[in-house]
Amino acid sequence: MKKQNLALVTGANGHLGNNLVRLLLKKGIPVRASVRDITNKAPFEGLDCEVVYADMTDKKSMVRALQDVHTFYAVGAVFKLWAKNPKEEIYDVNVQGTRYMIEAAAEACVQKIVYISSIAALNYTKTPITEDNGYNPDRRDMYYNSKSDGEKLAFELAKKLNIELVAVLPSAMIGSTAFKPLSTSYNIIDLILKGKVPVETNININWINVKDVAEGCYMAAEKGLNGERYILANEKSISLRETTIIAKQLFPNLNIKLPVSVPKVVLFFVAALMESVSKILGKAPVLTIKDIAMFSGLKQDFDISKARHQLGFNPKAPRQVVEEAMLYLVKMQRKSN
């Protein structure tokens, strides 16, 4: 493989990572796919790519994986909003992992990095919400903090180490195909289809097709300007209630009920109860106090003109994205029954 062509994709067995690997291969780009579990071959069946071990918390493994790589797609990261020890399990892994990845890329003489950040790193206090508004000042969530601080660190290190770096900030990725285990975004759709969102939380989600995000990552490598960040999302978000209405229209025979509106104090009580149960069971709660405090009423509507004009980013409309994901999940559920 020639250095000027080879791309490394970390987290290559994940939802975005695997879609990105497939896209790059279709475009004739040689791909090295890195994973932590090298024994799981299923995500790469039929794909002509090299699969290697690498862990973002193990700098030496990253240096080995990045040898002879021209473009590094830094996809792998911890993506969860709840953990028993969120500082250690989410924040420290993502931020320290970012440091190791950028430093390893410099040691391996990588030419370009596409750093996959998140809309979690955006400043929602200014409208319209653009890349130029700065970073999220809300420090109540360790995942959101890790994406803001990780992205800032990535730019600082890339500048210091003289590596070209572009950041992309995707929203909630779903689509017509999922790779197990289901991502957090798919889990929300799954809960709606199963009628397990009983109360109106007034939470809005910006749904995006994962294949559009993969295309945006590739375009960022080809057309993105060094030191710039690009939102890969839709202009408008959809509430969980609106998402449930779409589900009812698609599947009138399923027992899907619209969430009931309740006072916010009731939402906090329900969230507190769920958190108490989660501590006993050791599983993530469906709703947390932090979710209500941070996201209830928050509009995830973005100005994506920068990605449209500079990259050629043109995502599918939110409703189409949601419908495709729902049709896929119901199809898979019927197959398994």
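Every value quoted in this text rests on a predicted model; they were computed, and no experiment measured them.
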With no hydrogens and no angle check, is any side-chain donor or acceptor of [X] less than 3.5 Å from a backbone partner on [Y]?
X	Y	value
Thr10	Val75	yes
Asn133	Pro128	yes
Ser239	Asn202	no
Glu275	Ile289	yes
Asp301	Ser237	yes
Asn234	Ala317	no
Asn206	Ala233	no

Taking the six-membered ring for Trp, are the ring centroids of Tyr186 and His15 within less than 6.0 Å of each other?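 Yes.
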Is any side-chain heavy atom of [Y] closer than 4.5 Å to one of [X]?
X	Y	answer
Leu225	Tyr230	yes
Gln300	Tyr124	yes
Val262	Glu200	no
Glu89	Val78	no
Trp207	Ile189	yes
Arg36	Thr57	no
Thr177	Lys211	yes
Glu242	Ile246	no

Is it the case that over 12 heavy atoms from other parts of the model lie below 6.0 angstrom from the [atom1] atom of [X]?
X	atom1	result
Lys80	NZ	yes
Phe269	CZ	no
Lys306	NZ	yes
Lys196	NZ	no
Asn162	CG	no

Salt bridge flag under 4.0 Å for residues [X] and [Y]:
X	Y	answer
Arg308	Glu235	yes
Arg99	Glu103	yes
Lys290	Asp138	no
Lys60	Glu107	no

Please say yes or no: joined through hydrophobic side-chain contacts below 4.5 Å, possibly via intermediate residues, are [X] and [Y] part of one cluster?
X	Y	answer
Val265	Met274	yes
Tyr53	Met56	no
Leu267	Leu273	no
Ile188	Ile256	yes
Ile280	Val277	no

With side chain to side chain donor-acceptor pair (under 3.5 Å) as the rule and sequence neighbours excluded, what pairs involving residues 244-255 come up?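 Every side chain to side chain donor-acceptor pair (under 3.5 Å) pair that includes a residue of residues 244-255, provided the two are not neighbours, is Gln249-Arg319.
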Given Glu215, which partner from the list Lys26, Lys27, Arg22 fulfils the salt bridge (Lys or Arg N to Asp or Glu O under 4.0 Å) test? Lys27
My understanding is that only one of Phe79, Phe295, Tyr91 makes a ring-ring contact (aromatic ring centres under 6.0 Å, His included) with Tyr144; could you say which?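 The residue from Phe79, Phe295, Tyr91 that satisfies ring-ring contact (aromatic ring centres under 6.0 Å, His included) with Tyr144 turns out to be Phe295.
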[atom1]/[X] to [atom2]/[Y] distance, rounded to the nearest 0.5 angstrom?
X	Y	atom1	atom2	result
Asn123	Ile129	CG	CD1	8.5 Å
Leu153	Thr98	CG	OG1	6.5 Å
Ile208	Ser185	CD1	OG	11.0 Å
Ile90	Asn145	CD1	CG	10.0 Å
Leu24	Asn5	CG	CG	11.5 Å
Phe72	Met62	CZ	CE	3.5 Å

Search all heavy atoms of [X] against all heavy atoms of [Y] and return the closest pair with its distance.
X	Y	result
Phe44	Ala33	CE2-CB, 3.7 Å
Lys283	Ser278	O-CB, 2.8 Å
Ala54	Ala65	CB-CB, 3.9 Å
Ala154	Leu165	O-CD1, 3.8 Å
Ile292	Ala271	CG1-CB, 4.5 Å
Phe251	Val330	CZ-CG2, 3.5 Å

Apply side-chain contact (heavy atoms from CB on, under 4.5 Å) to Thr243 and Ile205, showing your working. CA-CA 9 Å; Thr243 307; Ile205 298 179; 6.0 Å; no
Show, in sequence, the C-alpha distance, side-chain angles and deciding distance for Arg139 and Asp149, and conclude whether the salt bridge (Lys or Arg N to Asp or Glu O under 4.0 Å) test is met. CA-CA 11 Å; Arg139 303 295 294 182; Asp149 295 352; 2.8 Å; yes
Excluding sequence neighbours, so at least two apart, what forms ring-ring contact (aromatic ring centres under 6.0 Å, His included) with Tyr115? none
Under the side-chain contact (heavy atoms from CB on, under 4.5 Å) criterion, do Arg32 and Val52 qualify, and how do the steps go? CA-CA 7 Å; Arg32 180 178 294 156; Val52 302; 3.8 Å; yes
Under the side-chain contact (heavy atoms from CB on, under 4.5 Å) criterion, do Ile231 and Leu122 qualify, and how do the steps go? CA-CA 9 Å; Ile231 297 173; Leu122 291 168; 3.7 Å; yes
Which residues end up grouped with Leu258 if you chain together Ile, Leu, Val, Met, Phe, Trp and Tyr wherever their side-chain heavy atoms are less than 4.5 Å apart?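 Grouped by the 4.5 Å side-chain rule, Ile245 form the rest of the cluster around Leu258.
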Criterion side-chain contact (heavy atoms from CB on, under 4.5 Å) on Tyr73 and Val21, from CA distance to verdict: CA-CA 10 Å; Tyr73 293 91; Val21 167; over 6 Å; no
On the ring face of Tyr135, is Arg229 found with NZ or CZ under 6.0 Å from the centre and within 45° of the axis? yes
